[in-house]
Each structure stands twice: as structure tokens, then as C-alpha cells.
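What follows is a short report on a single structure.
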Amino acid sequence: MADALPGAGLNALGDHPHRRLNLLTGEWVLVSPHRAKRPWQGQTEAVPAETRPEHDPTCYLCPGNERAGGERNPDYRGTFVFDNDFAALRPDAGEAEAEIGGLLRARTEPGLCRVICFSPRHDLSLPQMDVAAIRGVVDLWADEYARLGARPDIGHVQIFENKGEMMGCSNPHPHGQIWAQRSVPMAAAREGERQAAHHAAHGRTLLADYLSLELDLGERIVAANDHFVALVPFWAVWPFETLVASRRPVRDLTALSADERDGMADILKRLTVRYDGLFGVSFPYSAGVHQAPTDGEPHPEWHLHMHFYPPLLRSATVKKFMVGYEMMGEPQRDVTPESSAERLRGVGEGR
Ligand code: H2U
Ligand code: ZN
């Protein structure tokens, strides 16, 4: 294959295996478009039955019920947030460091974990909630980021959702988590470095430049409104991975105007409705909000965004495995990000 000319588009690559650069992490992903049609005789996932009651008396997260730790949930009507009864991080971790043989290092890590119920309704998930209710989730995310981030012992607030048994979600009640800690964790730290380098060189955020390029090209856009864009990133690893970013470069959720928060809720609805429509099942994913560290620095390089990492590959029952080459080498995909975006656009929003 001849080298692509500088400035050449994707067509120059044809159907050939190629690598794409992830702008946010500096990592490469191997894309093998010709391989999408290989047969599958391996594991298939069970499709969970999707009939749930509005209130489940045995659910730890439903209003009025007792949680596993013995506390009782209030009779909440919108969102509800509480300290995780089985928190991975604790504020009282103390201050200690270990160094062994000049090679092995460890340090205590203070932090705290919260659980957020998106809705009192046990039978809903984000795509079935109305935009006003999703706006309530966005507001709570912003408030929690502000409140936790203001603590002197918290340098980073990670908001995320595991959805579906396939992603290790422990309960179908619509909920997410927040892990706040002293250090900036690896994935966010890497993205922070790349964004800082771009901002230092160009005076604009990396994602502002990336979004305007993608909006010009159009082929990877899934949905857009006045304030937010959802797209399959050029470097997507997961088959239907998406990136949701604010059009205006803001460093965190608290900087969003009321209209922008509505815009974020709208785009989350429109994206997740498309996900559910793709294979006709409640679409599993891990999603999370990336925003500036809360270490007291201004961080003008940070551009608020969300990642959606769904594991499903070609149907409700076949998921992508990250094994073999991906463990030893680097991530790889068969279906191109462009065709995934086209399929998600084709689902429609049904409203
Ligand atoms: P996941 O479904 O993403 O695992 O999130 C559920 C979290 O809720 C999980 O971290 C917590 C678990 O520790 N939890 C409680 O804090 N109290 C409970 O009664 C049940 C689950
Ligand atoms: Zn419930």
C-alpha cells in the first residue's frame, strides 16, 4: 500500500488495515475493516428479560427500601445520592508511603464514593426518562462535582455509570456512581496531558478543534443540538463507542449555563434512545464524565466531555472481547467508526 499523501482523506486507506491515533490519549488503535464479516461460534450473551416493576420491594435503590448496609432510602421523587455502603475509597485513609528495594512504591489514597439514583422508577433507564428528568441528573452531577471537588483532600471527581449485567452493573435500577479521590486517575491524567499540550500550542482546547473538524466532515456525527455533539470518535475502540462534548469549551459541568445543561440532557436522551434502538434491547455500556481536576489549578485546557463504552459488537448477544492481541499489543476493531456512526444515525430517535 502506498503511503497516504499529506492531507489525504480516509479514502486513501481503502479497506486496508491501518492504525488511528487517539488524540485524547496518544494511544493507537488498529482498524481492520476487511475483517468485519468473520464468522462467530463463540460466546453469546443472554439477553436480560426487560419487564421490571415500577417499584421493586427487594431493590436496594428503590425509594423507601432498606439498603444492604442497613440504612433506609428516603421516599425520593427525583434523584437521590448517598455514600456508597461498600466504598472503594475512604476519607480516613491516612497519610503513608511505602518504598521497597527502591523499586516498589505505594501511597495511601484518600477519597470517597457516592451512588446516584437517576430516578425513583425501578423500571426506567436514561433513554426512557424525559429530558427534564435527565436534566435533574446533570444538575446533581454538577452539584456533586462542585461539592466534592471543593474538599482539600479531593483532586479529581469521576462520575460514571455501569449499565447492564454485561458491564458488571449490580442492579437494574437506574443509577451511577461517583468516585472522588486525591489523585487524578490514569485515564483522565493522560487526557489532561494531551489537552494541555494542545492548548499550550494553539490557545484553543483540543476538543474544540476536534469538534469543529468533525462537524465539517459529518461522517462520524450521531446527534447534535445547539450546545452538545455526540459522535463516534475517529479512534473509537469499542464498536459503538461515542464521545459527547460541549460545543463551548468549558472545563466542567458547573460552567454550563441552564440552556447548556438542557442541551446535555437532550443529547444524552437522543444518544441512549439510539443505543436501545440499535439491537432492540436495553443497551449496556460504561459511561463517564471527564472534566477538569479539582486540584485548585485553572485548567483552561480541559474540555468537558463524556465517553460511552458499550461492549456489544454485532447483535444483542455478541460482545467485543479485549483479549489476546489487545492485552498484549493494542486495541483493535473490525467495523469502522464511520459505519458505526452511520448505523447509529439510521436508528432514529423515535419521537
Ligand atoms: P454498580 O451497579 O455500578 O456496581 O453500582 C452500585 C453500587 O451501589 C455499588 O458500588 C453500592 C455498591 O457498593 N451499593 C450500596 O452502596 N448500598 C447497597 O445497599 C447496595 C449497593
Ligand atoms: Zn429499584
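Counting convention: from 1, in listed order, for ligands and their atoms alike. Please read these numbers as outputs of a predicted model, since none were measured by experiment.
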Qualifying residues under side chain to side chain donor-acceptor pair (under 3.5 Å), relative to T108, sequence neighbours excluded = none
Distance (rounded to the nearest 0.5 Å) between N171 CG and H122 NE2 = 6.0 Å
Full working for salt bridge (charged side-chain N to carboxylate O under 4.0 Å, His left out) between E27 and R190 | CA-CA 10 Å; E27 289 163 2; R190 221 158 27 222; 3.3 Å; yes
Residues in contact with ligand 1, criterion: heavy atom under 4.0 Å = Y60, R67, A68, F82, N84, D85, F86, V115, N162, C169, S170, H175, Q177
Is a side-chain donor-acceptor pair under 3.5 Å present for S340 with R333?
-> yes
Establish, from distance only, whether the side-chain atoms of W179 and Q177 form a donor-acceptor pair under 3.5 Å.
-> yes
Polar protein atoms near the Zn ion (ligand 2) [N, O or S; cut-off under 2.8 Å] | C59 SG, C62 SG, H122 ND1, H173 ND1
Counterpart residues, salt bridge (charged side-chain N to carboxylate O under 4.0 Å, His left out), relative to D139 (two or more places apart) | R135, R261
D266 with R270: basic N within carboxylate O range, under 4.0 Å = yes
Rounded distance [0.5 Å steps], OG in S286 versus CD in E161 | 8.5 Å
Check the angle between the aromatic planes of H305 and H290 and answer parallel, tilted or perpendicular using the 30° and 60° thresholds.
-> perpendicular
